Amino acid sequence: MRRLNGWGAFLFLGALFATQFAGAQVVETTARQLPKGSLKLLTYYQGTQDQTLNFTLAGTGGCTTTNGLGFSCNRTGDTELEGNGGMGVLKLVYQPWESFQYYATFGVGEYSVSVPSTTARGTLSGSNPGISYGAGLKAVIWPDTEVTPGIAIDASLTQSRYTFNRNYPGTQTLADRINQSLELWQYQVAFSASKLFTIVEGEKIERFKSGIKLEPYGGLKFTRIQAKLKDKQDGSTAGGKQDTISPFLGLRIPVYQNEGFFAEASFVNGYQYGAGLEIRF
């Protein structure tokens with residue numbers, strides 16, 4: 001088995017020098033170059049806890065609701081909202097030529113936002129699922145070799161939309177129900193590295209002719225999230241953006257030649273995690 005000391009040091013330093021977490025999307029794929037003409041489908045669950053959304057308030061700005069969640073009423077400066085949720089995602093990756101991988105994503109899930117109001121902290125949520133869709137491009141800068149890890153850069157754009165009709169704590173009368181929408185635009189650039197290791201040779205296990213393999217990966221994500229919260233009852237809005245750098249660590253486990261499992265997580269000032277299945281055609 002190959003030694004992992006150089007790779008482990010790279011991942012540790014990436015985590016050590018990362019800054020505030022901003023709810024970036026999981027990268028889900030390693031820096032490995034695919035064969036020309038490859039088509040890959042990933043299906044996975046992505047969870048988010050304690051995600052920070054930054055809102056810039058303008059004194060008389062909106063999102064004042066009838067149930068006391070007027071967090072932007074007569075206030076200025078920046079306010080942090082906290083998001084939590086989970087989503088099932090499908091991702092289709094295509095590599096038509098040698099270097100570039102093109103992909104599209106679509107997800108359905110739930111999301112709630114904790115809002116600091118003028119009286120108490122309330123949580124906005126919805127009874128209907130939200131949707132997310134996006135597209136991206138990955139370029140392999142340095143392919144994985146016998147002695148060096150693969151290095152890749154990934155750029156993506158994702159939009160998510162959620163509708164909120166409930167708040168807690170708050171009255172549940174018909175007149176006091178909320179009608180708000182949250183829109184998130186996420187611009188992300190990720191630098192990643194990965195290395196495929198054979199931990200058990202194929203001849204030792206007859207069923208796995210190519211051996212048992214593990215492919216750890218990780219790197220840094222540069223993310224900008226633009227958020228807009230709109231109250232559909234009076235038309236008022238509030239929003240803002242947040243730029244951050246965060247680390248990610250993941251592990252891909254090839255099962256057969258074209259199938260495998262993966263898991264990934266980020267841990268700085270919040271938690272985001274994902275796990276699922278990939279199939280290459």
Side-chain angles (χ1 to χ4, degrees), residues 22-46 48 87-109 130-145 148-161 183-196 213 215-226 243-266 272-281:
Q25 298 289 323
V26 293
V27 176
E28 316 100 22
T29 53
T30 69
R32 174 167 294 275
Q33 184 172 3
L34 298 175
K36 180 180 178 180
S38 293
L39 183 66
K40 185 164 64 173
L41 177 66
L42 296 89
T43 175
Y44 59 93
Y45 174 83
Q46 176 177 292
T48 301
M87 177 171 289
V89 183
L90 289 176
K91 180 175 183 178
L92 188 64
V93 182
Y94 179 53
Q95 181 161 330
W97 301 291
E98 295 296 333
S99 297
F100 292 101
Q101 300 173 16
Y102 304 87
Y103 61 86
T105 62
F106 176 78
V108 178
I131 61 171
S132 175
Y133 49 90
L137 169 70
K138 173 177 282 189
V140 177
I141 301 174
W142 187 271
D144 183 2
T145 68
T148 61
I151 300 175
I153 181 173
D154 185 309
S156 64
L157 171 64
T158 305
Q159 184 189 42
S160 303
R161 293 180 178 178
E183 182 178 87
L184 302 176
W185 284 90
Q186 177 177 285
Y187 310 87
Q188 179 171 287
V189 176
F191 295 90
S192 63
S194 66
K195 187 75 177 70
L196 183 64
K213 302 178 182 294
E215 188 172 12
Y217 65 95
L220 293 176
K221 295 182 283 191
F222 299 79
T223 306
R224 165 169 288 188
I225 294 182
Q226 293 183 324
D243 298 326
T244 53
I245 303 173
S246 61
F248 63 94
L249 300 174
L251 178 65
R252 175 178 174 266
I253 306 175
V255 179
Y256 297 105
Q257 183 176 358
N258 296 325
E259 297 88 23
F261 298 97
F262 68 91
E264 181 182 320
S266 299
Q272 187 165 38
Y273 46 89
L277 169 70
E278 64 170 39
I279 302 173
R280 182 161 62 89
F281 300 95

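All values reported here derive from a predicted model rather than from experimental measurement.
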Next on the checklist: Set out, in order, the CA-CA distance, both residues' side-chain angles and the distance that settles side-chain contact (heavy atoms from CB on, under 4.5 Å) for L157 and W185, then state yes or no.
Outcome noted: CA-CA 7 Å; L157 171 64; W185 284 90; 3.7 Å; yes
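Across every non-hydrogen atom of D144 and L196, the tightest pair is OD2-N, 3.2 Å. Minimum heavy-atom separation, I225 to Q186: CD1-OE1, 3.8 Å. For K91 against Y44, the heavy-atom pair with the smallest separation is CB-CE2, 4.1 Å. Residues Y103 and A155 come closest through the heavy atom pair OH-O, 3.6 Å. Taking every heavy atom of both residues into account, P143 and T148 meet most closely at O-OG1, 4.3 Å. Taking both residues in full, the closest heavy atoms of L137 and Y102 are given as CD1-CE2, 3.5 Å, listed atom of the first, atom of the second, then distance.
Under the 3.5 Å distance criterion, the side-chain polar atoms of S266 are matched with a main-chain donor or acceptor of P247. In terms of modelled atom types and a separation under 3.5 Å, the side chain of S194 and the main chain of A31 share a donor-acceptor contact. Panel note: side chain K138, backbone T30; a donor-acceptor pair is recorded below 3.5 Å.
Atom OH in Y133 sits 10.5 Å away from atom OG1 in T105 (nearest 0.5 Å). To the nearest 0.5 Å, the span separating CZ on F100 from CD on Q95 amounts to 10.0 Å. If you take CD on Q101 and OG on S38, they are separated by 8.0 Å, rounding to the nearest 0.5 Å. We find the CD1-NZ distance between I245 and K221 to be 12.5 Å, quoted to the nearest 0.5 Å. Taken from OG in S246 to CG in L220, the straight-line distance is 8.0 Å, to the nearest 0.5 Å. The CZ atom of F261 sits 11.5 Å away from atom CZ of R252, with the distance rounded to the nearest 0.5 Å.
Between Y187 and F222 there is no side-chain heavy-atom pair separated by less than 4.5 Å. Under the 4.5 Å side-chain criterion, counting only non-hydrogen atoms from C-beta, R280 is not in contact with Y256. Within the 4.5 Å cutoff, the side chain of S132 has no heavy atoms near those of the V89 side chain. Counting heavy atoms from C-beta outward, T48 and M87 have side chains that stay 4.5 Å or more apart.
For the side-chain contact (heavy atoms from CB on, under 4.5 Å) criterion with L277, the lone passing option out of V255, L42, T43, L41 is T43.
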